[in-house]
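What follows is a single structure, written as structure tokens, with notes after it.
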There are 2 protein chains.
Amino acid sequence: MAKAQSEGKPSTRERLVETARQLFLARGFEATSVADILREARVNSGSLYYFFKTKEELLLAVLDLYVEKLHPWVLDPIFEREPDPIARVFAVLEGYRQMLSMTECRQGCPIGNLALEMSDRSEAVRERIALNFDNWRKAIRQCLLDAGDRLPSEVDADKLATFILTVMEGGVMQARAFRSAEPFDASVAMLRDYVGQLVKRAGE
Amino acid sequence: MAKAQSEGKPSTRERLVETARQLFLARGFEATSVADILREARVNSGSLYYFFKTKEELLLAVLDLYVEKLHPWVLDPIFEREPDPIARVFAVLEGYRQMLSMTECRQGCPIGNLALEMSDRSEAVRERIALNFDNWRKAIRQCLLDAGDRLPSEVDADKLATFILTVMEGGVMQARAFRSAEPFDASVAMLRDYVGQLVKRAGE
DNA sequence: GTCTATAACTCGATAGAC
DNA sequence: GTCTATCGAGTTATAGAC
């Protein structure tokens with residue numbers, strides 16, 4: 001669908017998608033105007049509408065980019081330095097924690113924002129958001145499966161992965177509302193306790 | 001601040017706040033226009049701006065209403081029929097589950113939507129959202145304290161209440177994105193397992 | 001593919017009569 | 001307190017030259 005062209009200076013299309021990605025992340029979809037994107041990307045209106053029929057189509061391209069980049073941008077760097085499958089899960093959560101720190105709790109998960117803003121408004125967008133969550137959940141599930149019998153056999157890896165995503169998103173939401181990482185940290189600490197219990201239960 | 005007048009037919013001001021509440025819940029703040037609110041409430045522009053200086057002030061009134069109504073609208077009916085403090089917590093979660101069912105997973109927590117959309121855009125709004133979360137968390141914490149020594153003494157009731165809110169919000173988010181209550185149910189089931197473990201730990 | 005100019009419309013908010 | 005009329009800015013998207 002999208003061109004590769006990951007080398008050399010970015011094309012107009014790439015600049016549009018990347019700029020839109022940043023602005024949608026920082027402000028949301030509605031609060032970002034097409035004019036904002038054009039100014040920031042230094043592209044003219046005609047060019048944008050040459051590549052994308054509507055602003056919503058541009059959002060779809062952004063969501064596709066997130067699916068494509070989850071592994072190279074987010075997971076691969078973490079998994080490279082952390083071989084233990086259970087530690088990997090918490091290292092991923094630590095990554096979101098760092099995003100909160102760096103932005104003074106103004107920026108959390110790029111998908112979560114859009115999920116609540118857009119899920120009801122466009123079915124195409126909702127599907128792409130679900131795809132992003134699916135992608136994330138599957139990666140975490142693989143970590144849990146890699147943990148083998150350190151987790152009890154009756155634990156459903158898919159449901160536990162869903163739970164971990166739930167904790168991440170809910171924690172980020174509260175951190176942003178309180179402008180404090182405390183609720184995120186408290187939630188992750190509880191999750192750690194729970195997973196610790198599960199590991200202990202499996203060892204008995 | 002706001003008038004009582006909870007009897008008789010609603011005043012113009014009440015109609016505005018209630019209509020705005022419903023529309024902000026269904027569509028979010030940006031996606032709801034002032035014209036939408038006026039049409040739905042059958043109020044003229046001049047009247048709205050007589051009561052509220054800006055659209056944002058109307059949102060603040062909505063958020064104040066939510067703080068005011070958490071107990072009478074949400075908690076009291078549940079607590080009345082469920083005396084057990086730990087069961088109360090899960091009965092509250094069941095209430096949100098019913099909201100998901102009734103709306104085909106289109107509507108979750110009224111505050112969560114606004115938290116992600118508005119936390120960065122207006123400090124006054126963010127503070128009101130934090131107040132709503134605080135209010136909710138305190139009520140749940142009281143349940144946990146009422147459970148007494150059924151929970152281990154080393155468990156911090158405030159942090160566990162934060163965790164429960166995290167699970168609720170994260171579960172609702174995924175349910176909306178997948179248009180399925182499954183992620184919410186899976187998350188609440190895991191939470192139930194965890195709290196069950198804690199109760200067991202306290203009993204040892 | 002990119003440019004400028006602008007159409008067609010909606011936005012939040014205001015003025016001033018009643 | 002409520003009404004109508006409307007302002008001025010900003011919105012997404014398009015037309016047509018280059």
Side-chain angles (χ1 to χ4, degrees), chain A residues 1-5 8-24 26-63 114 117-118 120-125, chain B residues 1-5 8-63 114 117-118 120-125 128:
Chain A
M1 200 156 204
K3 285 293 164 52
Q5 179 150 8
K9 56 171 85 171
S11 67
T12 300
R13 190 188 191 281
E14 286 174 320
R15 236 161 54 239
L16 283 168
V17 174
E18 175 57 19
T19 304
R21 186 186 75 77
Q22 287 172 19
L23 292 177
F24 291 159
R27 308 182 199 170
F29 180 78
E30 278 287 332
T32 301
S33 74
V34 173
D36 291 337
I37 298 167
L38 295 174
R39 195 184 329 104
E40 199 93 352
R42 290 207 251 133
V43 167
N44 296 302
S45 170
S47 297
L48 189 155
Y49 288 100
Y50 172 78
F51 292 108
F52 305 98
K53 268 213 297 287
T54 62
K55 183 185 173 189
E56 185 181 312
E57 267 203 11
L58 177 54
L59 173 59
L60 294 178
V62 167
L63 289 171
L114 295 167
E117 184 182 358
M118 301 298 292
D120 295 342
R121 298 245 295 290
S122 153
E123 181 61 15
V125 171
Chain B
M1 200 162 203
K3 285 290 162 55
Q5 179 152 6
K9 56 171 86 172
S11 67
T12 300
R13 190 187 192 279
E14 286 174 320
R15 236 160 55 237
L16 282 168
V17 173
E18 175 57 19
T19 305
R21 186 186 74 76
Q22 288 172 19
L23 292 177
F24 292 159
L25 170 58
R27 309 183 198 168
F29 181 78
E30 278 287 332
T32 301
S33 74
V34 173
D36 291 337
I37 297 168
L38 296 174
R39 195 182 330 104
E40 199 92 353
R42 291 206 251 133
V43 167
N44 297 302
S45 169
S47 297
L48 190 156
Y49 288 100
Y50 172 79
F51 292 108
F52 305 98
K53 269 214 296 286
T54 62
K55 183 186 174 189
E56 184 180 313
E57 268 203 9
L58 177 54
L59 173 59
L60 293 178
V62 168
L63 289 170
L114 295 167
E117 184 182 358
M118 301 297 294
D120 296 342
R121 299 246 294 291
S122 153
E123 182 61 14
V125 171
R128 240 67 154 224

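Note on naming: letters A, B, ... go to the chains in the order of the sequence lines (proteins, then strands), and numbering restarts at 1 for each one. Since this is a predicted model, take the numbers as computed values, not measurements.
Whole-Å rounding puts the B:Glu30 CD to D:dT11 C1' distance at 12 Å. Note: CG (A:Leu48) to P (C:dA5) measures 19 Å, nearest angstrom. Between A:Glu56 atom CD and D:dT11 atom P the separation is 18 Å, expressed in whole Å. To the nearest angstrom, C1' of D:dG1 lies 14 Å from CZ of B:Phe52. The CZ-P distance, from B:Arg121 to C:dG12, rounds to 12 Å in whole Å. Put simply, CG on B:Leu38 is 11 Å from P on D:dC3, counting in whole angstrom units. We find that CG of A:Leu23 is positioned 16 Å from C1' of D:dT11, with the value rounded to whole Å. Distance B:Glu14 CD to D:dT2 P: 12 Å, rounded to the nearest Å.
Contact check, B:Tyr50 against D:dT2: no side-chain N or O comes under 4.0 Å of OP1 or OP2. In terms of phosphate contacts, A:Asn44 brings a side-chain nitrogen or oxygen within less than 4.0 Å of OP1 or OP2 of C:dT4. Close to D:dA5, at under 4.0 Å from its OP1 or OP2, lies no side-chain N or O of B:Ser45. Dashed line: the shortest gap from a side-chain N or O of B:Tyr49 to OP1 or OP2 of C:dA13 is under 4.0 Å. For C:dC11, one of the phosphate oxygens OP1 or OP2 lies less than 4.0 angstrom from a side-chain nitrogen or oxygen of B:Ser33.
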Requested in this report: For A:Leu114 and A:Val125, run side-chain contact (heavy atoms from CB on, under 4.5 Å): C-alpha distance rounded to whole Å, both residues' side-chain angles, the deciding distance at 0.1 Å, then the answer.
Outcome: CA-CA 9 Å; A:Leu114 295 167; A:Val125 171; 5.9 Å; no
Requested in this report: Run the numbers on A:Arg27 and B:Glu30 for side-chain contact (heavy atoms from CB on, under 4.5 Å), then give the verdict.
Outcome: CA-CA 11 Å; A:Arg27 308 182 199 170; B:Glu30 278 287 332; over 6 Å; no
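Taking CD of A:Glu18 as the start and CD1 of A:Ile37 as the end, the distance is 12.0 Å to the nearest 0.5 Å. To the nearest 0.5 Å, atoms OH (B:Tyr50) and CG (B:Asn44) are separated by 15.0 Å.
In terms of position along DNA chain D, the nucleotide closest to A:Asp36 lies nearer the 5' end than the nucleotide closest to the other residue of the pair A:Gly46 and A:Asp36. Judged by closest nucleotide on DNA chain D, B:Val43 is the one of B:Val43 and A:Lys55 placed further toward the 5' end. Comparing A:Phe51 and B:Thr32 by the nucleotide of DNA chain C whose heavy atom lies nearest to each, the residue mapping closer to the 5' end is A:Phe51.
Distances from the side chain of B:Ala35 to the nucleotides C:dC11, D:dC3, C:dC3 place C:dC11 closest.
Side chain of A:Glu117 to main chain of B:Gly28: no donor-acceptor pair is present (N/O by atom type, distance under 3.5 Å, no hydrogens or angles).
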